[in-house]
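First up is the structure itself, then whatever we jot down about it.
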Amino acid sequence: MRQRKVKNLTEKYKRYEYCLEYRPEERRGQWSQVMEKRGFSGDAGPYVEIGCGKGAFIAAMAAKHSDRFFVAVEGNRSVLLRALEKIESNGLRNVVVIPSFVDDLRTWFAPGEVKAIYLNFSDPWQKPSYYRHRLTYRKKLLQYFDTMGPDGQVTFKTDNKDLFEFSVQEAQAADLEIKGITRDLHSSEYAEDSPETEYERKFGGPDGVNINWMCLVKKDGGETGMGEIKSMAAYNGRTIPKEDKIFGISGRAKAAIDKYGKDEVINATIGTLLDDDGDLVVLDSVDQAMKSLTPAQYASYAPIAGIPAFKEAITKAALGNFRTNRYVGVVASPGGTGSLRNAVANYTCPGDKILTHDWHWTTYDTIAAEQGRSVETFQMFNDEGGFDLEDFEYKVKKLLRIQDRLLIILNTPANNPTGYSLSQEEWHKVVEILNESGEDKLVAVCADVAYIDFAGETDETRVFLPELEKLNSNVLPLLAYSASKTFTFYGCRCAVLMCLADSQEVRDEFERVVSFSSRNSWSNSPRGPQEVIAKIYSDPALLAKVDEERKNFRDMLLSRGRAFEAEAAKVGLEIVPFRGGFFTSVPCDDPDAVSRALEEKKIFVVPFAKGVRVSVASISEEKCRKVPAAIKEVLDTL
């Protein structure tokens, strides 16, 4: 119910003249003087609430933070009278009130004057044509940050879901970082720092409506796309480097090979399987199957989710000898990156955090950022070198306190960049943790199994699949399976996102929503590789030949990894636990410096957040034995 107009407001307001600022434009650039007159230093504020309503929030903040100076803004003077009463009754000398609506905050505050801004239950301006009036419209957000220093932040809360999702998109369009976000404030860790308004006391709480909340800051310590347009591109909250790090280093390695010869250079950056001569490994059986395709098989469109024979074949390829009791959903994608992109698009909301391990493929971060999400990590390894289940559980519970849904990506077996694989027992514990998430939370756990067929024997690498069937109905298991790697035709871009649903309804929904994302991202995936895989699985002799060839190369790959591991132990080089696959990694404090120093030795590796990655897939066993000593020498020097 709206506040009725109060009679004799002018007379009643005289009582509060001591805390009213009727001409805020005259204070612009001089708010420090206002604070000093009240006994506060220039560093104390001001902290500004736009639309303070009846003042419960600002009164609580001022009482809690008596060392800060607050400015409350409210244009409805009948409503504001209740706020003035609270300020007086609580003896709050650290609040002044502006009894006016504001169109452009920059007319009242100079650049850098404001410490923080609060927007609580702002008018949603429901009609679509009124979006420019919303207090979280991108141009208004930019105005707010123009009045603050590099550490300034805007917090916003509302029960209006449409307004909140609009605001998330506007924050991204303004190239701002979402520092914190929750769609259930009262159940989250952020509630303590956001006192309730009158509205929340009446309608919020555990049994009331959910309150959405987020905190916005400038990107990268103050750099944003605000002010003048400096680029034709819309960065939308993303940080886009001028050069892809991996491809940049790989390019320098190729240039070094051209200059010095391939015997003098070790290019351990490439995530594709090469033979000992440095040539691309392509299974002869797959090559023959590719060459046998008719024009109609490789030139025509495939159905969005994939041709039926491919979907049946790829399910067998991904699951191996495991026979699931669940409902299997399959949607094709152009490579494993596409599968992960679809998982993010359909099982998270804008502003959500995705959970993965700290040792992870950095493209996870960019896939998330591209869609307005971010990545939170848990510590992958404990002190004993096993999977850190304790930190995993802590981060799962932490994120589910602030999000209604959660996507978890676990890259196993043969993790990129470490080569680690979760054991069946570790998976069992993961399932137990996820089953404690609560029926009111929706969780998707995506096993990125890109390297599964080069991590060990078929049955050995799939021991975790029965564990996934033990997940509760609110937890959906997903598999991101890359046929590009399994069948050694990387450039053909062939993969699937697969679900193991506990009901037909969930499976059908999965295929519908993921196909929708595919249609609107890349339309159809290439048909040629789908036909090849279907052909292989329709011919037992051909399938046996593919399996035999792959086994030989898998054994070669494992020998390289074991050679690296043995040499590392010999020279006293610490590496992360390696169990198989394309990569292994060495932890270090300054990966970029280590990478640069190794380049001087004509050894090219990839720096990650916590160490350097070595691709044993792309260098011979002989070179695998040389690299550990070189890395150890560099680490000792640095």
Side-chain angles (χ1 to χ4, degrees), residues 240-282 335-337 359-363 365-366 414-419 450-451 454 484-485 488-491 553 556-557 559-561 563-565 567-568 571 573 575-576 578 581-588 590-635 637-638:
I240 302 177
K242 293 182 179 179
E243 177 186 67
D244 181 274
K245 180 177 286 188
I246 295 178
F247 283 98
I249 297 172
S250 181
R252 293 197 294 276
K254 291 175 182 177
I257 290 173
D258 290 341
K259 183 176 181 180
Y260 301 108
K262 63 182 180 181
D263 292 338
E264 298 297 318
V265 177
I266 298 178
N267 182 6
T269 67
I270 304 170
T272 53
L273 185 59
L274 306 182
D275 63 21
D276 288 347
D277 294 324
D279 297 323
L280 181 69
V281 167
V282 178
T337 306
W359 287 93
H360 66 271
W361 186 36
T362 52
T363 301
D365 300 276
T366 54
N415 165 265
N416 175 9
T418 68
Y451 301 95
F454 288 98
S484 304
K485 294 181 178 65
T488 66
F489 45 17
Y490 310 94
F553 286 116
M556 177 192 75
L557 185 61
S559 294
R560 291 176 181 178
F564 186 96
E565 190 177 37
E567 289 301 317
V571 300
L573 177 69
I575 67 172
V576 295
F578 171 81
F582 279 32
F583 309 105
T584 187
S585 289
V586 178
C588 56
D590 192 344
D592 288 305
V594 172
S595 176
R596 288 192 298 270
L598 287 170
E599 284 191 27
E600 295 178 4
K601 297 176 176 290
K602 304 185 185 67
I603 297 174
F604 295 82
V605 298
V606 177
F608 274 62
K610 302 190 71 173
V612 292
R613 186 191 78 178
V614 179
S615 171
V616 297
S618 63
I619 57 176
S620 67
E621 184 174 332
E622 179 186 359
K623 289 183 176 179
C624 283
R625 294 187 182 279
K626 294 179 179 179
V627 174
I631 296 178
K632 183 67 165 63
E633 182 181 346
V634 166
L635 290 177
T637 302
L638 292 178

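FYI, side chains are in, hydrogens and waters are out, and symmetry mates aren't considered; it's all heavy atoms of this structure. Model, not experiment: these values are computed from the prediction.
Distance check, rounded to the nearest 0.5 Å: CD of Glu621 to CE of Met556 gives 10.0 Å. The distance from atom CG of Asn415 to atom CZ of Phe582, rounded to the nearest 0.5 Å, is 13.5 Å. One distance of note links CD of Glu633 with OG1 of Thr637; it measures 5.5 Å at 0.5 Å rounding. Atom CD1 of Ile270 is separated from atom OG of Ser615 by 7.0 Å, given to the nearest 0.5 angstrom.
Judged by distance alone, with hydrogens and angles left aside, the side-chain atoms of Asp277 form no donor-acceptor pair with the main-chain N or O of Asp279 at under 3.5 Å. Checking side-chain atoms of Ser618 against main-chain N and O of Asn267 turns up a donor-acceptor pair under 3.5 Å. Between the Tyr490 side chain and the Leu273 main chain, a donor and an acceptor come within less than 3.5 Å of each other. Here the side chain of Ser250 pairs no donor or acceptor atom with the backbone of Thr269 at under 3.5 angstrom. Formation of a donor-acceptor pair under 3.5 Å by the Lys623 side chain with backbone atoms of Asp276 is not found in this model. Listed for the Arg625 side chain is no donor-acceptor partner under 3.5 Å among the backbone atoms of Glu567.
Considering only heavy atoms from C-beta on, Pro628 comes within 4.5 Å of Phe564 through its side chain. Taking 4.5 Å as the limit, every side-chain heavy atom of Val614 sits out of range of all side-chain heavy atoms of Ile575. Thr418 has its side chain out of reach of Phe608: every pair of non-hydrogen atoms, C-beta onward, lies at least 4.5 Å apart. A heavy-atom distance below 4.5 Å is not found between the side chains of Thr366 and Thr362. Within the 4.5 Å cutoff, side-chain heavy atoms of Ile249 are placed close to those of Ser595. The closest side-chain heavy-atom distance from Thr584 to Glu565 is not below 4.5 Å. With a 4.5 Å cut-off on side-chain heavy atoms, Cys588 and Leu635 count as touching. With a 4.5 Å cut-off on side-chain heavy atoms, Lys601 and Val634 count as touching.
A salt bridge is defined here as a Lys NZ or Arg NE, NH1 or NH2 lying under 4.0 Å from an Asp or Glu carboxylate O, and Arg596 with Glu600 fails to meet this definition.
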| task | Show the numbers, then the answer: is there a side-chain contact (heavy atoms from CB on, under 4.5 Å) between Val586 and Val605? | result | CA-CA 10 Å; Val586 178; Val605 298; over 6 Å; no

| said: Applying side-chain contact (heavy atoms from CB on, under 4.5 Å) to Leu280 and Leu274, what does each step give before you reach the verdict? | reply: CA-CA 5 Å; Leu280 181 69; Leu274 306 182; 4.1 Å; yes

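Contact record, Ile246 with Arg613: CD1-NH2, 4.3 Å, taken as the closest heavy-atom pair. The two residues Ile266 and Lys626 come nearest to each other via the heavy atoms CD1-CB, 4.4 Å. Between Leu557 and Ala617 the shortest heavy-atom distance is CD1-CA, 3.5 Å. Shown here for Phe454 and Lys485, the closest heavy-atom pair between the two residues is CE1-O, 3.3 Å. Pairing each heavy atom of Pro591 with each of Ala609, the nearest pair is CG-O, 3.9 Å. Between Asp365 and His360 the shortest heavy-atom distance is OD2-NE2, 2.8 Å.
The side-chain contact (heavy atoms from CB on, under 4.5 Å) test with Pro607 is passed by exactly one of Val594, Asp592, Leu598: Asp592.
Residues satisfying the salt bridge (charged side-chain N to carboxylate O under 4.0 Å, His left out) test with Lys602, not counting sequence neighbours, are none. By the side chain to side chain donor-acceptor pair (under 3.5 Å) test, Trp361 pairs with Thr363, sequence neighbours left out.
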